[in-house]
Student: 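Questions regarding the structure given below will be posed in turn.
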Amino acid sequence: MRLFPRALIGGLIGLFLLAGASLLVGATNLWNTQLDTGMVLAISRVPRTLAAILAGAGLALAGVVVQQSVQNRLVDPGLIGTPEAAMLGLLAVTLLAPGAALLVKMSVASVSALAGTAGFFLLARLVPRRDPMLLPLVGLIYGGILGAMALWLAWMSDLVQFMGIWQTGEFSGVLRGRYELLWIIAALAVVLFILADRITLLGLGEEYARALGLNYLQTVLLGLGCVAVTFAVVVVTVGAMPFVGLVVPNIVSRWRGDNLRRNLPWVALLGALFVLGADLLGRVVRWPYEIPAATIFAVLGAGLFLWLLHNRKVRRHG
Amino acid sequence: MAERRLVALGVAVLGLCAVFLLWNLRAPIGLILELRAEKLAALVMVGAATGAATVIFQTIATNRLLTPGIVGFDALFVFTQTMLVLALGGAGYVALAGTVKFVVEAAVLMAAAMALFGILFRNGAEDMIRMILTGVILGVLLRGLAGFAQRLLDPSEFAVVQQASIASFNAVDPEMSGIAALVLICGLGAALWLAPRLDVAALGRVQARVLGLDHDRLVLTSLGVVAALVAVSTALVGPVTFLGLLAASFAHALLRDHRHSVLIPAAALMGAAILVAGQAVFERLLGLQSALAVIVEFAGGLLFLALVLGRRAR
Amino acid sequence: MIEINNLSVSRDGARILHDVTLNVPPGRLAAIIGPNGAGKSTLLHCMAGLLPPDCGQVLVNSRNIHALSEARRALILSLLTQAQGTIPRLSVQDLVAFGRWPHHRGRPTATDRAITAKALARFDLDQLATRNVETLSGGQRQRAFVAMAYAQSTPWMFLDEPLAALDPKYVRDIMDRLRDMTGDKTGQRSIALVLHDLSVAARYADFCIAMKAGRIIAAGPWRDIVTSDLLSDLYDTPLRVAQLDGVPVVMGL
């Protein structure tokens with residue numbers, strides 16, 4: 001127990017170092033005297049760094065919630081149709097009410113993402129539990145179907161370029177005034193922290209959770225609601241980023257066991273670290289061009305997923 | 001019995017092709033016919049290649065849920081293409097003749113598929129779902145790698161490969177048609193030559209070996225044929241994930257026969273029928289140019305879910 | 001004759017068989033018995049040429065089974081595996097006809113069809129010939145698979161627990177037919193099979209191979225092996241061989 005805060009402080013220091021690097025690296029040279037360094041920082045670099053931290057933390061936390069509620073560790077909210085459902089909602093509202101305020105669009109996207117996630121949750125109850133590998137597969141296909149619907153809708157309405165932006169998470173477009181919605185994630189993180197024990201109970205399955213006096217349906221809806229809002233916010237502001245919610249919780253639970261209340265800060269911290277790291281890597285690899293963080297994460301995340309899949313220790317937990 | 005149904009299916013496809021060519025034909029007749037014939041040829045070739053490839057692939061994987069697209073064959077093709085652009089540079093790549101490009105890409109795809117999936121099939125035969133999931137994620141990984149490699153290209157080089165990564169039945173490269181047809185015919189011929197061995201492979205690896213089948217070699221050969229067929233369809237229109245699932249499932253349901261000598265042609269015809277009929281309906285009837293690819297993926301995805309949930313019964 | 005010399009086999013890196021040396025005479029019904037995890041199945045699969053040995057060799061009718069091509073091997077021996085894994089969507093007739101595949105490799109002749117028909121008749125499958133294998137009961141399905149192995153017409157037949165989860169009626173069905181085959185004047189078969197039910201082994205087998213922890217404990221005519229002392233030792237629990245109406249029965253005490 002004594003080691004815990006110290007390690008966490010270490011992690012936080014790491015995050016600060018990475019954030020510092022993120023402030024310094026980019027297409028424009030900060031030491032170029034012709035530019036107002038303060039302006040570049042305030043308008044672009046600081047918002048960008050904060051956006052990556054918030055999005056990473058939110059996606060990783062969403063991963064934990066979904067994995068607990070369907071009792072399957074190989075499921076990632078980014079790969080079960082949640083982002084696609086959010087995109088469907090966004091497209092619908094853009095079509096029906098093009099002039100709607102951002103907050104209205106956001107709310108519609110959240111509701112739609114919740115419906116999509118709930119759809120997967122219902123599907124998960126039909127899929128045989130014997131094989132833990134089957135559920136992520138079903139999730140991928142379900143997400144593919146919702147994605148096809150969204151693409152079709154976008155096609156009909158000439159909004160395909162928006163789909164492209166929503167589908168690939170990247171932070172190069174983040175400027176002051178265009179990322180603040182992400183702060184909602186910070187609020188959701190607090191909610192999740194309060195709910196932590198109940199979400200742990202979800203992981204025991206409906207019967208156990210009920211027997212222990214949990215209002216199962218309410219807790220699931222609350223949890224999935226947090227996931228849906230997180231994804232709606234992330235999709236709108238920076239674009240979808242699969243694998244974060246899968247890889248981070250798995251790494252944390254292998255490393256620190258399964259006490260959710262103690263793990264949540266770690267999940268949020270590691271999520272932020274990974275996404276910020278991916279964004280930073282994307283800025284450096286092909287400077288001055290940028291590679292989207294989601295592209296980098298797709299490669300690293302898929303690699304890690306394959307490793308999890310073929311690692312006996314994880315498979316036993318399934 | 002099965003043969004008669006196969007012939008009926010063939011006649012139906014011919015009828016569909018005639019409708020596609022002649023429906024609402026206006027002047028200038030010669031030009032419109034030529035344009036339509038070009039598109040028809042592409043649709044038939046893609047459908048046939050995908051249908052046949054999927055039946056073979058499902059048999060060697062002994063799983064009727066899979067398509068080469070689901071486990072990332074087409075992603076592998078796009079990745080191969082990207083790497084080729086990366087190696088030669090955009091200008092060098094464009095300077096290559098279309099035929100040479102295609103042959104090189106198809107050859108690389110065949111080698112890579114045989115290496116990658118050959119290992120997967122040999123080691124993972126017992127744990128089927130894990131193998132499928134590995135394949136699917138491998139597909140995601142390859143798509144990600146291709147995307148990553150594409151970002152390393154110059155914007156001008158990027159444009160060269162980008163058009164290959166989204167399925168479209170409208171932008172068919174006519175230069176490709178000739179060589180694609182040749183590869184398709186060779187591929188289908190090889191598939192029919194493999195047919196009796198595939199019948200045995202459908203019994204499962206151990207039983208097939210008991211009956212004296214060199215299973216490892218058959219898997220490698222089949223993967224090569226599948227890769228060649230996937231190369232045909234991907235080069236012509238881009239990645240299609242679920243078309244093969246539709247074609248193969250319908251072919252199985254129509255024939256109810258285990259012999260690949262009839263199953264493979266049936267799946268090829270079925271794939272062609274789906275695409276030709278779909279394109280006729282969407283383009284001519286509903287006036288929707290680009291909808292077919294999306295609708296096929298959508299219907300195929302639903303079928304996949306239905307098949308997964310249907311397995312609960314057993 | 002099967003001659004096994006100093007055979008060692010590993011699976012997933014763990015040694016299963018240790019230095020097995022054994023002769024199995026032809027024209028018999030040889031039962032492999034022993035407690036769970038003794039390596040019975042592994043021995044059978046290795047004898048059938050499906051598992052490569054670490055060292056040692058298996059000679060079937062004086063030919064090294066692991067040096068033969070898959071095609072040649074399938075003409076010498078057949079194997080019925082424990083779980084048929086994916087149950088094929090075939091009619092019974094088509095399934096049994098696959099037994100002829102090693103002989104025609106895709107081009108069946110009149111002889112092949114005649115032998116298929118004979119196998120169907122011999123295993124009372126005529127009525128079921130057009131039924132789908134999936135729809136059969138466990139006993140009927142097992143009979144169809146045995147008929148397929150029979151149609152393969154190999155001098156040696158190996159069966160891995162052919163009786164698992166079968167009703168007494170089907171056990172008798174299958175064992176009677178297997179015993180008949182070893183007694184055939186024309187086309188006599190040599191059979192080796194893994195059995196769990198010791199009474200069945202005592203009643204039908206004329207040669208017994210007792211295995212424990214990857215080694216052969218004893219092998220010989222059933223009279224020498226199926227004794228109260230040897231079986232009690234083999235299974236680490238008191239067992240008694242008794243006669244009931246002239247039929248040997250093995251009971252736990």
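Hydrogens, waters and symmetry mates are skipped; everything else that's a heavy atom, side chains included, is used. Just so it is clear: chains get the letters A, B, ... in the order the sequence lines come, proteins before strands, and each one is counted from 1.
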Student: Tell me, side chain or backbone of L90(C) under 4.5 Å from chain B's heavy atoms, or both, or neither?
Tutor: side chain

Student: Measure distances from R217(B) to the heavy atoms of chain C and classify the residue's part below 4.5 Å as side chain, backbone, both or neither.
Tutor: neither

Student: Write down the atom of R105(C), the atom of P196(B), and the distance for their closest heavy-atom approach.
Tutor: O-CB, 4.4 Å

Student: At their closest point, which heavy atom of A74(C) faces which heavy atom of V210(B), and how far apart are they?
Tutor: CB-O, 3.5 Å

Student: Are more than 12 heavy atoms from other residues, nucleotides or ligands located less than 6.0 Å from atom CZ of R256(B)?
Tutor: no

Student: What part of A48(C) is in contact with chain B, defined as an atom under 4.5 angstrom from a non-hydrogen atom: side chain, backbone, both or neither?
Tutor: neither

Student: Within a reach of under 6.0 Å around CZ of R15(C), are more than 12 heavy atoms found that belong to other residues, nucleotides or ligands?
Tutor: yes

Student: Give, as side chain, backbone, both or neither, the part of L95(C) having an atom under 4.5 angstrom from any heavy atom of chain B.
Tutor: side chain

Student: Quick check for you: to the nearest 0.5 Å, what is the distance between L80(C) atom CG and Q207(B) atom CD?
Tutor: 7.5 Å

Student: Tell me, side chain or backbone of D257(B) under 4.5 Å from chain C's heavy atoms, or both, or neither?
Tutor: neither

Student: Chain C heavy atoms under 4.5 Å from R197(B): which part of the residue, side chain, backbone, both or neither?
Tutor: both

Student: CG/D94(C) to CZ/R259(B) distance, rounded to the nearest 0.5 angstrom?
Tutor: 8.0 Å

Student: Could you state the interatomic distance from NE2 (H215(B)) to CD (E70(C)), rounded to the nearest 0.5 Å?
Tutor: 10.0 Å

Student: From T81(C) OG1 over to R205(B) CZ, what is the distance, rounded to the nearest 0.5 angstrom?
Tutor: 13.0 Å

Student: Measuring from L203(B):CG to F98(C):CZ, what's the distance to the nearest 0.5 Å?
Tutor: 5.0 Å

Student: Nearest 0.5 Å, what's the CZ-CG distance between R100(C) and L211(B)?
Tutor: 11.0 Å

